[in-house]
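What you see is a predicted model, and the numbers here were worked out from it, not measured in a lab. Protein chains get the first letters and strands the later ones, always in sequence-line order, with residue 1 at the start of each.
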Amino acid sequence: MNIFVLMKRTFDTEEKIVINNGNVNEEGAEFIINPYDEYAIEEAIQVRDKLGGEVTVVTVGNEDAEKELRTALAMGCDKAVLINIEDDVEEGDQYTTAKVLAEYLKDKEPHLILAGNVAIDGGSGQVGPRVAEMLGIPYVTTITKLDIDGDKVTVVRDVEGDEEVIEASLPLLVTAQQGLNEPRYPSLPGIMKAKKKPLDEVELDDLDLEEEDVEAKTKTVEIFLPPKKEAGKILQGELTDQVKELVTLLRTEAKVI
Amino acid sequence: MTRKVISLAEIRDGSLRNVSFEAIAAAKTIAQGGEVVAVLVGESVQSYANELIAYGADRVVVVEHAQLKTYTPDGYGQALMAVIEAEKPEGIVFGHTALGKDLSPKLATKLNAGLVSDVVAIEEKDGELLFIRPIYSGKAFEKKIVTDGIIFVTVRPNNIPALSRDDARSGNVMSLSVDIKDLRTIVKEIVRKTAEGVDLSEAKVIVAGGRGVKSAAGFKPLQELADVLGGAVGASRGACDAGYCDYSLQIGQTGKVVTPDLYIACGISGAIQHLAGMSNSKVIVAINKDPEANIFKVADYGIVGDLFEVVPLLTEEFKKLKVHS
């Protein structure tokens, strides 16, 4: 099995968001592997351990992402690839990322590609399906179970809380939903081994891509914080009176009932 | 500049989902006076067309095929591409639902287009359309413009208000026949895990429980309150992890992101992971024994007390209100 995982390095959204000069201030903030991509990595490792083959984790970004790639290697991926677009792309969007990934993957003959179903920073959930479409392979998003038997794949897909049991065949791209597995922590021997595993870096040039080929179709013109919520009203007095007051407030002040 | 815009309607449990009407409203804004064409896809769906016109669609295109009974990206992709080829729209609006999220990137790629996902509001400035969407799990927002090609957006349910229904409106309903073939993913079975009735992501009222609910049975008073208010029950990750309820109810960074008019958090401490899924609700009520609980920081109204005392009292109060009105 030739398995690829699409990984994104993300800002940990548990961090406080500060905006400086129209951008989210990333200085000193914690960065992590996108949590949904951790499920994808874990599943890829489990599939390889069962069926054999190799897991390559791929990311599009800059050299800061080497840290997260090493973590993925320490979890058990075999190889890592950083597609460094820092010098070539000033501002990309999901089209950009998908195009870069698809160009990289098109001659790799992947059997299975896994990705997170959404990244917790940008939150668009587009890149996985876009890559599949560009490669001309089918996809199933938000999966919670994956069984591979030869070329036949049975997947359970989460559909807003309901489940679809889906049959497909390889090659296939799937995006991981919470519940797919319990991602492992890198072990100490894993971390030691990861240092010796290959981490390749490629640029647009190596993929025969020009800047125009990956030019974004959308552009962010402003980033802002939601209006700060004023401290709410903690009701006082007898519980029964508080409940009555709450119902009145919801009707007359908040007007939601 | 006027544009022709298509919007995709969705059906669940025999009714059009609200987001179908919200998508029409968004399509109207994008169309700037141009034509809005609603699209219905399924096995036998023609009967829903008039409702879409009542909610503002100028025309409806109906695509019916036995292979379109259940959603698959290939089947719906072929149906929508046939509509797009026939109508040549300059804008496309889907709901940011399981279906919309799954299908829109595929079509955007086929059309070599951008896609602005999860839009919560649309603004117009100097003739340019600005699409507002949450980033960092709702802790910030961005305004986006489309710089190249077709304007393709998905709209988050419950945010862009639908137009008011007007059954006197009329419009043309047209069938488009398509050839659906070579489906590469087949839905073998659908396992219903969510309750019939109110859909969590579209609910106007959500009553959510956390670890404070203490057991599966502890959700019963919450369900009763939700029933009186015509709402849905949700849960924090803590409650799901503890096995008190199914993960399908989970609201948070992992789980569903919801923006109801009223969110009643019962026995929920307010971990950041949970706040990411609900903090943009219009009005938040917190009920918690611990006056220091983080949830009170985002709540509009708080009651410090035992949810098992407070929730039934609330249910009774709302019942009285119903009798009176």
Peer 1: Identify the residues of residues 238-247 of chain A whose heavy atoms come closer than 4.5 Å to a heavy atom of chain B, ordered by number, or report 'none'.
Peer 2: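 When heavy atoms of chain B are the reference, residues 238-247 of chain A contributes A:Leu239, A:Thr240, A:Gln242, A:Val243, A:Lys244, A:Leu246, A:Val247 within the under-4.5 Å range.
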Peer 1: I want to check something: taking the side chain as every heavy atom from C-beta on, are A:Gln94 and B:Pro105 in contact at a cut-off of under 4.5 Å?
Peer 2: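 Result no, sub-4.5 Å side-chain heavy-atom pair not found.
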Peer 1: Return the set of residues passing salt bridge (Lys or Arg N to Asp or Glu O under 4.0 Å) with A:Glu68 (not counting sequence neighbours), or none when no residue passes.
Peer 2: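 Counting only residues at least two positions away or on another chain, A:Glu68 forms a salt bridge (Lys or Arg N to Asp or Glu O under 4.0 Å) with A:Arg9.
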Peer 1: Tell me, for B:Lys256 versus chain A, whether the close heavy atoms (under 4.5 Å) come from the side chain, the backbone, both or neither.
Peer 2: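 For B:Lys256, side-chain heavy atoms alone lie under 4.5 Å from chain A.
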Peer 1: Please rank B:Asp261, B:Leu314, B:Ile303 by heavy-atom pairs under 4.5 Å with chain A and give me the top one.
Peer 2: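 Answer, by heavy-atom pair count under 4.5 Å with chain A: B:Ile303.
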Peer 1: Among the options A:Pro226, A:Pro129, A:Ala132, pick out the one with the most heavy-atom pairs lying under 4.5 Å from chain B.
Peer 2: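 Going by pairs under 4.5 Å, I would pick A:Pro226.
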Peer 1: If the threshold is 4.0 Å, N to carboxylate O, is there a salt bridge linking B:Lys144 and A:Asp93?
Peer 2: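 Salt bridge between B:Lys144 and A:Asp93, a charged N being under 4.0 Å from a carboxylate O: no.
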Peer 1: Take atom CD in A:Glu90; do more than 12 heavy atoms of anything else shown fall under 6.0 Å from it?
Peer 2: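 Check fails, neighbour count at 12 or below.
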Peer 1: Does any non-hydrogen side-chain atom of B:Asp102 lie less than 4.5 Å from one of A:Arg157?
Peer 2: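 Of all side-chain heavy-atom pairs linking B:Asp102 with A:Arg157, at least one is under 4.5 Å.
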Peer 1: Is the side chain of A:Arg251 donor-acceptor paired with the backbone N or O of B:Leu321 at a distance under 3.5 Å, no angle test?
Peer 2: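 Answer holds: no.
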Peer 1: Non-hydrogen atoms of chain B under 4.5 Å away: do they reach the side chain of A:Phe224, the backbone, both or neither?
Peer 2: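 It is both, since atoms from each part get that close.
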Peer 1: Could you tell me the separation between the CG atom of B:Leu99 and the CD atom of A:Glu160, rounded to the nearest 0.5 Å?
Peer 2: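 Atom-to-atom, B:Leu99:CG and A:Glu160:CD are 8.5 Å apart.
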Peer 1: Select one option (side chain, backbone, both, neither) describing which atoms of B:Pro134 are under 4.5 Å from chain A's heavy atoms.
Peer 2: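 It is the backbone, since no side chain atom gets that close.
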Peer 1: Taking every heavy-atom pair that is under 4.5 Å apart, which of B:Leu183, B:Thr97, B:Val205, B:Leu107 has the most such pairs with chain A?
Peer 2: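 Result: the option with the highest number of such pairs is B:Thr97.
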Peer 1: Would you mind reporting whether B:Leu262 and A:Ile257 have side-chain heavy atoms less than 4.5 Å apart?
Peer 2: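 Touching, per the 4.5 Å side-chain cut-off.
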Peer 1: Of all residues at least two apart in sequence or in a different chain, which pass the salt bridge (Lys or Arg N to Asp or Glu O under 4.0 Å) check with A:Asp151?
Peer 2: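 Listed in chain order: nothing, the list is empty.
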Peer 1: Below 4.5 Å from any heavy atom of chain B, which atoms of A:Ala216 appear? Answer side chain, backbone, both or neither.
Peer 2: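 The answer is the backbone of A:Ala216.
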Peer 1: Taking the side chain as every heavy atom from C-beta outward, state whether A:Gln178 and B:Gln250 have any pair of such atoms under 4.5 Å apart.
Peer 2: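 Yes. Closest side-chain heavy atoms under 4.5 Å.
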Peer 1: Hey, what's the ring geometry for A:Phe11 with B:Tyr136, parallel, tilted or perpendicular (30° and 60° as the breaks)?
Peer 2: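 Correct class here is perpendicular.
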Peer 1: Side chain from CB out, backbone as N, CA, C, O: work out which of these in B:Thr154 comes under 4.5 Å of a heavy atom of chain A, or both, or neither.
Peer 2: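 Contact with chain A: none, neither part.
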Peer 1: Let's test your reading of the structure: which of B:His96, B:Lys101, B:Arg237 forms the most heavy-atom pairs below 4.5 Å with chain A?
Peer 2: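 Option with the greatest count: B:Arg237.
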Peer 1: Quick one: do the B:Tyr301 and A:Glu253 side chains pair a donor with an acceptor below 3.5 Å?
Peer 2: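 Distance-only check passes for B:Tyr301 and A:Glu253.
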Peer 1: Less than 4.5 Å to any heavy atom of chain A: does that hold for the side chain of B:Ala113, its backbone, both, or neither?
Peer 2: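 Contact with chain A: backbone only.
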Peer 1: Could you walk me through whether B:Lys110 and A:Glu133 pass the side chain to side chain contact (heavy atoms under 4.5 Å, CB included) test, one step at a time?
Peer 2: CA-CA 8 Å; B:Lys110 278 189 184 295; A:Glu133 182 62 28; 3.0 Å; yes
Peer 1: Of all the residues in residues 17-25 of chain A, which have a heavy atom that comes within less than 4.5 Å of a heavy atom in chain B?
Peer 2: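 Heavy-atom contacts from residues 17-25 of chain A to chain B are A:Ile17, A:Val24.
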Peer 1: Given that the side chain runs from C-beta out, which part of B:Ile272 has a heavy atom under 4.5 Å from chain A: side chain, backbone, both or neither?
Peer 2: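 The answer is the side chain of B:Ile272.
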Peer 1: Under 4.5 Å from any heavy atom of chain A, what part of B:Ser137 do you find: side chain, backbone, both or neither?
Peer 2: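 Both backbone and side chain.
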Peer 1: Need one label for B:Val257: side chain, backbone, both or neither, based on atoms under 4.5 Å from any heavy atom in chain A.
Peer 2: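 Neither; nothing under 4.5 Å.
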Peer 1: Does any heavy atom of chain B fall under 4.5 Å from the side chain of A:Tyr139, the backbone, both, or neither of them?
Peer 2: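 Both parts, backbone and side chain.
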Peer 1: Taking side chain as everything from C-beta outward and backbone as N, CA, C, O, which of these in B:Asp306 sits under 4.5 Å from a heavy atom of chain A? Side chain, backbone, both or neither.
Peer 2: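 Contact with chain A involves no heavy atom of B:Asp306 at all.
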Peer 1: Tell me, for B:Leu275 versus chain A, whether the close heavy atoms (under 4.5 Å) come from the side chain, the backbone, both or neither.
Peer 2: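 Neither part, no heavy atoms under 4.5 Å.
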Peer 1: A:Thr141 versus chain B, heavy atoms under 4.5 Å apart: side chain, backbone, both or neither?
Peer 2: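 Interface part for A:Thr141: both.
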Peer 1: For chain B, which of A:Lys233, A:Lys99, A:Glu163, A:Lys16 has the most heavy-atom pairs under 4.5 Å?
Peer 2: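 Result: the option with the highest number of such pairs is A:Glu163.
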Peer 1: Among B:Asp74, B:Ile132, B:Val146, which residue forms the greatest number of heavy-atom pairs with chain A at distances under 4.5 Å?
Peer 2: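 Sorted descending by pairs with chain A, the first entry is B:Val146.
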Peer 1: As an exercise: rank A:Glu215, A:Glu164, A:Gln126 by heavy-atom pairs under 4.5 Å with chain B and give me the winner.
Peer 2: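 Of A:Glu215, A:Glu164, A:Gln126, A:Gln126 has the most heavy-atom pairs under 4.5 Å with chain B.
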Peer 1: Check each of B:Val153, B:Ile151, B:Asp148, B:Val116 against A:Thr218 using the side-chain contact (heavy atoms from CB on, under 4.5 Å) test, and report the only one that passes.
Peer 2: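 Single pass found, and it is B:Val116.
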Peer 1: Can you measure from CZ (B:Arg184) to CG (A:Leu172) and round to the nearest 0.5 angstrom?
Peer 2: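 Going from the CZ atom of B:Arg184 to the CG atom of A:Leu172 covers 9.5 Å.
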Peer 1: Do you know which of A:Gly123, A:Ser124, A:Ala168 has the most heavy-atom pairs with chain B at a distance under 4.5 angstrom?
Peer 2: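 It is A:Ser124.
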Peer 1: Hey, could you give me the CD1/CD distance between A:Ile166 and B:Glu189, rounded to the nearest 0.5 Å?
Peer 2: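 Result: 11.5 Å between the selected atoms.
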Peer 1: For chain B, find which of A:Leu250, A:Leu225, A:Asp158 contributes the most heavy-atom pairs closer than 4.5 angstrom.
Peer 2: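 The candidate making the most pairs under 4.5 Å is A:Leu250.
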Peer 1: Quick one: are A:Lys217 and B:Asn112 in side-chain contact, heavy atoms under 4.5 Å?
Peer 2: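 Yes; the side chains approach each other to less than 4.5 Å.
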Peer 1: Whether A:Asp162 and B:Lys193 form a salt bridge (side-chain N of Lys/Arg under 4.0 Å from carboxylate O of Asp/Glu) is what I want to check.
Peer 2: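 No, no charged N to carboxylate O under 4.0 Å.
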Peer 1: Non-hydrogen atoms of chain A under 4.5 Å away: do they reach the side chain of B:Leu249, the backbone, both or neither?
Peer 2: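 No part of it gets close to chain A.
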Peer 1: What option among B:Ile135, B:Leu313, B:Ile145 has the most heavy-atom pairs under 4.5 Å with chain A?
Peer 2: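 Heavy-atom pair counts peak at B:Ile145.
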Peer 1: Would you kindly say whether A:Lys219 and B:Thr147 are connected by a side-chain donor-acceptor distance under 3.5 Å?
Peer 2: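 No, no side-chain donor-acceptor pair sits under 3.5 Å.
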Peer 1: Quick one: what part of B:Val283 sits under 4.5 Å from any heavy atom of chain A, side chain, backbone, both or neither?
Peer 2: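 Looking at B:Val283, just its side chain touches chain A.
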Peer 1: Taking the side chain as C-beta and beyond, is there a heavy-atom pair between B:Val304 and A:Ile234 under 4.5 Å?
Peer 2: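 A side-chain contact under 4.5 Å exists here.
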Peer 1: Can you say whether B:Glu316 sits under 4.5 Å from chain A via the side chain, the backbone, both, or neither, judging by heavy atoms?
Peer 2: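 B:Glu316 has no heavy atom closer than 4.5 Å to chain A.
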Peer 1: Less than 4.5 Å to any heavy atom of chain A: does that hold for the side chain of B:Leu130, its backbone, both, or neither?
Peer 2: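 Contact with chain A: side chain only.
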Peer 1: Checking side-chain polar atoms at under 3.5 Å, does B:Thr185 have a donor or acceptor matched by the opposite partner on A:Glu167?
Peer 2: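 Side-chain D/A pair, B:Thr185 to A:Glu167: absent.
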Peer 1: Which atoms of A:Ile137 come close to chain B, meaning under 4.5 Å heavy atom to heavy atom: side chain ones, backbone ones, both, or neither?
Peer 2: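 For A:Ile137, the contact with chain B is made by the backbone alone.
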Peer 1: Checking heavy atoms, do the side chain of B:Ala299, its backbone, both or neither come under 4.5 Å from chain A?
Peer 2: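 For B:Ala299, the contact with chain A is made by the backbone alone.
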